[in-house]
Amino acid sequence: MTTPPLPHKTITILKQLDIHNVEDLQRRGPITTFLQLRNMSTGTTERVLWQLIALVENCSVQSIGTKEKEYWRQQLKQHPPVAIFPAKENMESWMRHALMAAHQAQLLGEVPVGAVVVYKNNIIGLGYNRCITDHNVSYHAEIQALTEASQKQRNYRLQECDVYVTLEPCAMCASALIQARVHRVIYGAREPKTGAAGSVIDLFSNRQLNSHTAILGGVMAEESQQLLQQFFHHKRQQKI
């Protein structure tokens with residue numbers, strides 16, 4: 001990580017981001033890494049971006065021409081929001097609360113999806129699927145949790161909040177999360193049929209929507225998936 005040489009401060013922050021060598025940098029990508037660096041240090045200049053790209057491409061900064069720089073600048077503009085996410089154990093702790101909410105949906109005969117809104121290390125909103133129970137197509141877990149959090153905050157904008165949800169949000173819920181300007185969304189299992197965070201479409205990365213929300217999937221995905229599989233298996237057994 002020293003050819004081309006990076007500033008000592010940059011190397012220190014990279015280690016905090018769990019990037020210790022060129023292989024780690026390649027996996028994260030120079031654009032994502034640069035945006036995360038900029039989130040953590042306002043003094044991160046464009047020169048650092050060229051240094052990161054040079055490391056990934058195994059070349060010198062001087063060899064990066066004007067056209068290539070313009071390409072990378074466009075990639076930077078189009079990149080979806082990036083955030084520094086909490087430590088894995090912290091995310092799993094909050095996701096367990098979302099899973100407990102999902103169990104409440106299961107008891108109602110609803111698809112077991114749960115969500116919590118976290119603000120300053122406290123849960124201010126909790127929700128689970130209630131579409132069948134309340135005869136309302138919009139009563140997904142995320143909508144329920146956002147509603148409760150907004151009422152407590154007396155503001156529909158939740159810029160400093162994180163949302164943990166057991167299943168990848170659908171298009172309706174993704175739009176609501178973006179409209180609420182939630183800071184970060186962490187979800188468990190992927191939803192290959194309706195997922196709007198990359199599985200079917202990716203609304204969070206669509207810059208036309210003026211998005212503010214960074215997203216991360218796969219946190220306790222196995223537990224979330226098992227809960228869903230058990231639910232649908234039980235439903236199929238009832239039909240036999």
Side-chain angles (χ1 to χ4, degrees), residues 1-92 94 118-121 157-164 168 174 177-178 180-187 196-199 201-219:
M1 299 290 285
T2 57
T3 306
L6 290 167
H8 177 72
K9 182 180 178 181
T10 300
I11 293 175
T12 300
I13 299 174
L14 286 172
K15 289 179 180 178
Q16 293 173 20
L17 294 171
D18 203 25
I19 298 174
H20 303 279
N21 50 51
V22 175
E23 289 74 21
D24 292 337
L25 176 60
Q26 288 171 333
R27 280 190 291 270
R28 189 75 55 90
I31 297 293
T32 300
T33 302
F34 176 72
L35 288 170
Q36 290 181 327
L37 282 168
R38 203 163 63 179
N39 281 346
M40 295 181 71
S41 174
T42 54
T44 301
T45 65
E46 193 179 67
R47 176 169 175 77
V48 173
L49 174 60
W50 309 137
Q51 290 173 320
L52 295 173
I53 292 167
L55 283 165
V56 168
E57 296 186 346
N58 192 26
C59 67
S60 67
V61 172
Q62 292 75 18
S63 68
I64 303 174
T66 304
K67 286 186 178 180
E68 187 176 357
K69 285 185 176 181
E70 185 55 34
Y71 164 81
W72 285 108
R73 289 189 180 107
Q74 288 301 315
Q75 294 296 305
L76 190 63
K77 288 180 182 178
Q78 295 168 11
H79 200 281
V82 166
I84 307 301
F85 285 86
K88 180 182 177 182
E89 57 268 25
N90 292 340
M91 292 191 291
E92 289 181 347
W94 295 121
V118 178
Y119 174 67
K120 293 186 176 179
N121 217 34
R157 289 186 173 178
L158 303 170
Q159 290 103 320
E160 298 179 48
C161 296
D162 294 337
V163 172
Y164 291 81
E168 180 182 356
L177 291 161
I178 292 168
R181 301 195 179 189
V182 168
H183 179 42
R184 298 176 295 201
V185 172
I186 298 94
Y187 70 86
S199 291
I201 58 173
D202 191 352
L203 293 182
F204 294 95
S205 67
N206 190 330
R207 303 301 290 180
Q208 291 177 301
L209 298 179
N210 192 27
S211 57
H212 304 266
T213 304
I215 190 154
L216 177 70
V219 176

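Computed from a prediction, not measured in an experiment: that's the story for all the values here.
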Between [Y] and [X], is there a side-chain heavy-atom distance shorter than 4.5 Å?
X	Y	answer
L52	V48	yes
W94	P86	no
I31	L49	yes
E68	S63	no
T44	I13	no
V163	T213	no
Q159	H212	no
E46	L76	no

For [X] and [Y], work out which heavy atoms get closest and say how close.
X	Y	value
M91	F85	SD-CB, 4.1 Å
A196	A174	CB-CB, 3.9 Å
A214	A83	CB-CB, 3.6 Å

N/O donor-acceptor pair under 3.5 Å between [X] side chain and [Y] backbone:
X	Y	result
T32	G29	no
R27	I19	no
E168	A197	yes
T12	H8	yes

So, taking the atom named [atom1] in [X] and the one named [atom2] in [Y], what distance separates them when rounded to the nearest 0.5 Å?
X	Y	atom1	atom2	value
W72	H79	CH2	NE2	10.0 Å
L14	K9	CG	NZ	12.5 Å
F34	N39	CZ	CG	10.5 Å
T45	W50	OG1	CH2	10.5 Å
Q208	L203	CD	CG	11.0 Å
L25	H20	CG	NE2	12.5 Å

Subject >> R73 atom CZ, over 12 foreign heavy atoms within 6.0 Å >> reply: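 Counting neighbours around CZ of R73, more than 12 heavy atoms of other residues, nucleotides or ligands fall under 6.0 Å, so yes.
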Subject >> Greater than 12 external heavy atoms within 6.0 Å of K69's NZ >> reply: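 For K69, atom NZ is crowded (more than 12 foreign heavy atoms under 6.0 Å).
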**OP:** Check the pair I84 / Q16 against side-chain contact (heavy atoms from CB on, under 4.5 Å), numbers first and verdict last.
**Re:** CA-CA 10 Å; I84 307 301; Q16 293 173 20; over 6 Å; no
Original post:
In this structure, which one of D162, I215, I178, L216 forms a side chain to side chain contact (heavy atoms under 4.5 Å, CB included) with V185?
Top reply: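 Of all the options given, the one that passes is I215.
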**OP:** Could you walk me through whether Y119 and L158 pass side-chain contact (heavy atoms from CB on, under 4.5 Å), step by step?
**Re:** CA-CA 9 Å; Y119 174 67; L158 303 170; over 6 Å; no
